[in-house]
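Computed from a prediction, not measured in an experiment: that's the story for all the values here. A note on names: the letters A, B, ... follow the listed sequences, proteins ahead of strands, and every chain is numbered from 1.
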Number of protein chains: 2
Amino acid sequence: MKSLDASTRDRILAVAGTVFYQKGLSGARMQEIADLAGINKAMLHYYFKSKEQLFDTVFQQALGQFLGGIGQVLNGEAALPAKIEQYVAYTTTALAETPGLAAFIVHELQQHPERLSKQFGDSRLVNLDAFRQQLAAANARYQAPHAAEHFFANMVALCVYPVLAQPLLSRLLHQSEAQYRRFLGERAAHITQLLLEQL
Amino acid sequence: MKSLDASTRDRILAVAGTVFYQKGLSGARMQEIADLAGINKAMLHYYFKSKEQLFDTVFQQALGQFLGGIGQVLNGEAALPAKIEQYVAYTTTALAETPGLAAFIVHELQQHPERLSKQFGDSRLVNLDAFRQQLAAANARYQAPHAAEHFFANMVALCVYPVLAQPLLSRLLHQSEAQYRRFLGERAAHITQLLLEQL
DNA sequence: TCATAAATTAACCAGTTGGTTAACTCAAAG
DNA sequence: CTTTGAGTTAACCAACTGGTTAATTTATGA
């Protein structure tokens, strides 16, 4: 059957992503990944010599996807309000498209925080300097120690948490999955407004 | 050596909590739990007939701890501002004391959302009616559809996320663990102020 | 065409893991 | 004293799991 479609390797990576996202490193099974990719276990080890290596590849890809756009937005040329709007829009849509990605990263970093330094060394994951300067310029209160950090933490929390905790939050708000999805759709505008008020 | 101290069962539950919080259901090993509890594997199965049953007990306990106080605060007699302050203070301190608990719940619910209904049936996990009414009374804008839900989601997100994503956020803000802990300590006041401004 | 490398498979293996079993200890009740 | 039941142990087991091997097929390019 060969690799008519996407290369076998890519198919493996895609499938492994969905499995690892849902079950984590320890819960995932090489056999299941192989089955879903339409190959057998030996083939899997042919392309990725170990589960650990396959996982690393998936994790690196996930982290890149999760952090990738953020840096670009935050270090872009846009004025502060536009930048905030971009960040919120980007994050919410990106996360909504890949359910489980945020929870996956949080869970695996909880167990092995060193995976961060492993891939990013001592370099800053995301350079916040430009963003911090824009904040301080917009409102003197963000010159106070930690004030900019709180703003950033708020921004991330408001965007990420509702996606991360969907199973719990949707039940707390006793909404159906469809209702909750609509609710999430509204949030980008809601969050942007809330944050802009803080400037 | 008998059970001089806390009953063996309680010791198992405490130990199993820390192990499950860190490694999840699939990552936890009965042998490790037994070792940490100072017993052997057979004893473990004597008190809990299966890993699944032990896990269920731990998970139920964790969920109770996580949601327990919330309902009481939100349905208490306090006025809205005091209630918000109480919620923030309660949540932040409770989560800070049990590292991994939030990530544990999020991870396991991600995989098996049905665990929620399993334990709470169709009953509301937390009754938000009183809180919603107080919000609507404080500011007419919270009578709009979903407005109260957004406020609640914001409140939870701001409190929980920084604890949940500590490994990632502390690196993004390039802070040491000690610095980050101080940062978290500041947040209760910061969040409360932000939320009260929204009324 | 033929040699060489890539892709693929079935069978197998050793270590791990949840769980069981049968025997043993010991304190309390009768 | 002995019966009884909870507590405890070492040894064991079957299933699972990541990983390997050796042989085979398929593509490739000289």
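Residue side chain A:K51 does not reach the base of D:dG19 through any donor-acceptor N/O pair under 3.5 Å, judged by distance alone. The base of C:dG19 lies outside donor-acceptor range of the side chain of B:K49, with no N or O pair under 3.5 Å.
Look at CG on A:D35: it is 12 Å from P on D:dT17, rounded to the nearest Å. In this entry the distance linking CD1 of B:I12 with P of D:dG7 reads 11 Å, nearest Å. Here the P atom of nucleotide D:dT24 and the CG atom of A:N40 are 17 Å apart, to the nearest Å. Atoms CG (B:L44) and P (D:dT9) sit 12 Å apart, rounded to a whole Å. Rounded to an integer number of Å, the gap from CE of A:M43 to C1' of D:dT21 is 15 Å. Taking atom CZ on B:F55 and atom P on C:dG18, their separation rounds to 13 Å, with Å as the unit. We find that CD of A:Q31 is positioned 9 Å from P of D:dG18, with the value rounded to whole Å. Distance, A:I33 CD1 to D:dT17 C1': 12 Å, rounded to whole Å.
Out of C:dT20, D:dT8, D:dT20, the shortest distance to the side chain of B:T8 is found at D:dT8. Between D:dG18, D:dG7, C:dA10, one nucleotide has an atom nearer to the side chain of A:A42 than all others, and that is C:dA10. Candidate nucleotides D:dA6, C:dT20, D:dG18 were compared by shortest atom distance to the side chain of B:Y46, and D:dA6 ranks first.
Phosphate contact (OP1/OP2 of C:dT16, side-chain N/O of B:R29, threshold under 4.0 Å): absent.
Residue A:A28 is in sugar-phosphate contact alone, with no base atom involved, counting any heavy-atom pair closer than 4.0 Å across all strands shown.
Residues A:Y161 and B:Y161 place their aromatic rings such that the two centres sit no closer than 6.0 Å. Taking the six-membered ring for Trp, B:F131 and B:Y87 have ring centres at least 6.0 Å apart.
The number of heavy-atom neighbours closer than 6.0 Å to CD of A:E77, taken from other residues, nucleotides and ligands shown, is 12 or below.
Comment: B:R181 engages B:E177 in a salt bridge, judged by a side-chain N to carboxylate O separation of less than 4.0 angstrom. Taking a cutoff of 4.0 Å between a charged side-chain nitrogen and a carboxylate oxygen, A:E52 and A:R115 qualify as a salt bridge.
Annotation: of the two residues near DNA chain D, B:K41 and A:K41, the 5′-most nearest-nucleotide partner is B:K41.
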